[in-house]
There are 2 protein chains.
Amino acid sequence: MELVNTDVAYKFIREKILSGVYSAGMPLASKNLSKEIGVSRTPVRDALRQLEADGLVIIKPRIGASVKSMDLKEFKDLCGLRQALETYAAGLAAHNRTESELEEIHGALEAMRVIVEKMLKTANDKELLGDLAREDVRFHLAIINVAKNDLIKKEIMRLSLINRVVSNPPKGKSTETLANRRTVLESHQEIFDAIASKNVAAAKNAMERHQQKNLEKVILMMGVKERSKFHSELGIAVKG
Amino acid sequence: MELVNTDVAYKFIREKILSGVYSAGMPLASKNLSKEIGVSRTPVRDALRQLEADGLVIIKPRIGASVKSMDLKEFKDLCGLRQALETYAAGLAAHNRTESELEEIHGALEAMRVIVEKMLKTANDKELLGDLAREDVRFHLAIINVAKNDLIKKEIMRLSLINRVVSNPPKGKSTETLANRRTVLESHQEIFDAIASKNVAAAKNAMERHQQKNLEKVILMMGVKERSKFHSELGIAVKG
DNA sequence: AGGTATTTTTGTGTATACATGATGGCCGAT
DNA sequence: ATCGGCCATCATGTATACACAAAAATACCT
């Protein structure tokens with residue numbers, strides 16, 4: 001695969017957005033970017049167009065590009081979309097799964113359990129939190145892979161990126177309780193069991209409930225964040 | 001809303017693809033396009049990037065753009081994605097619907113019924129077919145609107161475009177029987193009833209079955225088309 | 001004659017120049 | 001003093017020129 005400057009610019013800007021260096025609402029002037037990246041404006045514009053398609057950037061004619069910001073409605077819609085896709089994927093996974101594929105899902109589930117139990121003992125969450133998040137996505141990713149629908153996978157991956165941006169700003173500070181993590185684990189267990197027993201309807205139900213809980217959790221979290229940052233309209237990820 | 005050349009190029013190319021003038025696999029040289037449209041290559045490239053995001057075009061570095069072509073697997077995945085979204089939307093619609101919104105869905109349903117009954121009498125399908133298709137999308141669109149999730153709506157609209165391209169080439173010749181149309185009508189009735197009675201689970205089930213039937217129908221249709229066009233690799237919408 | 005190497009040509013990717021429309025400050029009028 | 005219009009500045013949209021890679025055509029060798 002040939003690598004062109006457009007890709008360089010794309011990865012550069014995307015990384016900055018995902019890491020929160022470019023925060024929501026921030027204008028992305030093609031001139032500045034081209035100087036910063038070291039390429040001309042043309043590939044930068046190309047990259048911005050791709051990022052717009054990803055839903056990370058918004059481009060208004062004659063105004064320019066800026067990092068996408070969301071209101072609460074849009075965020076809820078996003079979660080709904082994701083719920084629809086992951087739920088469907090869980091159903092497919094329950095239908096398609098082979099033994100070895102089940103193995104991988106189970107591996108992610110157990111890895112999460114181990115981490116949560118470690119957390120009960122040590123108060124030091126710092127890196128465990130990262131591990132937990134990693135295993136969480138591994139679990140969901142495993143299911144999506146087993147579903148074997150490449151378009152749905154692609155779409156969910158796209159949504160994940162947007163989610164990452166939205167939940168990013170508050171310095172990664174976790175408002176989750178241990179009880180919450182326990183609940184997540186239980187949800188995952190339910191999902192796994194349904195997939196293991198090839199029960200399509202149960203898998204869908206379990207995943208739908210899981211996603212619903214997640215939505216409610218994040219909404220709550222965002223509500224809190226919102227109040228605390230109400231004065232600075234710019235630089236927040238979600239307003240409304 | 002300001003209108004720029006990029007939009008002109010986008011609409012131009014998109015229209016040609018949707019109408020089948022640019023058929024699947026056909027290379028889209030930016031130079032030719034720019035001459036044909038009467039703008040420079042820059043906005044054409046922009047437009048092609050957008051069309052790539054829409055899933056209508058594929059761009060390979062150093063090679064160029066071409067109209068996207070699909071294999072059977074990808075098409076099935078597409079239908080799955082659509083099934084997931086429309087099913088979810090039906091559930092939302094059943095939950096959210098107001099009386100007046102229900103009215104609109106019902107209107108589309110009855111309009112379709114009238115057309116199908118007209119078809120029973122007159123053999124002249126020519127324009128009735130167009131009307132039927134129009135009312136069909138109106139029905140689905142009404143449900144999606146009632147679901148009130150803008151992202152899901154946007155995504156379904158995108159998929160509809162791709163579908164249109166895929167099912168387009170065979171001169172609009174309908175392989176559907178009247179019995180088929182009856183079945184579609186019954187499915188719609190079921191979906192409507194579920195939404196009317198605010199039964200979320202039933203609405204989802206009805207829509208899922210409806211989409212499933214549609215997939216099977218189109219797969220069959222495509223299988224036939226495929227065999228008949230096997231020799232000409234280029235210019236077919238779906239290969240495999 | 002067939003296949004391969006080489007040249008030619010075409011088209012992409014990129015940089016850059018230019019024009020138009022937007023943004024922000026300044027000045028005058030009320 | 002504040003509001004509204006005018007002007008300067010700047011960034012965007014667009015066109016175009018250039019370099020290099022890929023494809024096509026031609027010539028060459030076996």
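Heavy-atom basis, side chains included; hydrogens, waters and symmetry copies ignored. Within every chain, numbering begins at 1; the chains are lettered A, B, ... in the order of the sequence lines, protein sequences first and strands thereafter.
The 5' end of DNA chain C is approached more closely, in terms of each residue's nearest nucleotide, by A/V4 than by the other of A/R41 and A/V4. Two residues, A/I63 and A/G38, neighbour DNA chain C, and the one matched to the more 5' nucleotide by heavy-atom proximity is A/G38.
Between A/R45 atom CZ and D/dG13 atom C1' there is a gap of 6 Å when expressed in whole angstrom units. Spacing between atom CG of B/N32 and atom C1' of C/dG11 amounts to 9 Å, rounded to whole angstrom units. The distance from atom CG of B/L3 to atom P of C/dG21 is 13 Å, rounded to the nearest whole Å. In this entry the distance linking NZ of B/K31 with P of D/dA15 reads 15 Å, nearest Å. Between the P atom of C/dG21 and the CZ atom of A/R62 lies a distance of 6 Å, rounded to the nearest Å. In this structure, the CG atom of A/D7 is 10 Å from the P atom of C/dG13, given to the nearest Å. Atom C1' of nucleotide C/dG13 and atom OH of A/Y10 are separated by 19 Å, given to the nearest angstrom. Between the P atom of D/dA15 and the CG atom of B/L33 lies a distance of 14 Å, rounded to the nearest Å.
In this structure, the nucleotide among D/dT12, C/dT14, D/dT14 sitting nearest to the side chain of A/S30 is D/dT12. Listed nucleotides: D/dT12, C/dT14, D/dA15. Nearest to the side chain of B/S40: D/dA15.
The side chain of A/N5 places an N or O atom within less than 4.0 Å of a non-bridging phosphate oxygen (OP1 or OP2) of C/dT14. When the side-chain nitrogen and oxygen atoms of A/T6 are compared with OP1 and OP2 of C/dT14, one or more of them lie within a distance under 4.0 Å.
Residues from residues 46-55 of chain B placing a heavy atom under 4.0 Å of any atom in DNA chain C do not occur.
Residues that satisfy the side-chain hydrogen bond (donor to acceptor under 3.5 Å, both in side chains) test with A/E15, not counting sequence neighbours, are absent from this structure. Looking at residues two or more places apart in sequence or on another chain, you find no side-chain hydrogen bond (donor to acceptor under 3.5 Å, both in side chains) involving A/R14. Among residues two or more places apart in sequence or in another chain, the side-chain contact (heavy atoms from CB on, under 4.5 Å) test is passed with A/A111 by A/E135, A/R138. For B/E216, there are no side-chain hydrogen bond (donor to acceptor under 3.5 Å, both in side chains) partners, not counting sequence neighbours. Under the ring pair (Phe, Tyr, Trp, His ring centres under 6.0 Å) criterion, B/Y88 pairs with no residue, sequence neighbours left out.
Residues B/A84 and A/L85 approach most closely at CB-CD2, 4.4 Å, considering heavy atoms.
A salt bridge between B/E101 and B/R97 is absent, with no side-chain N of the basic residue lying under 4.0 Å from a carboxylate O of the acidic one.
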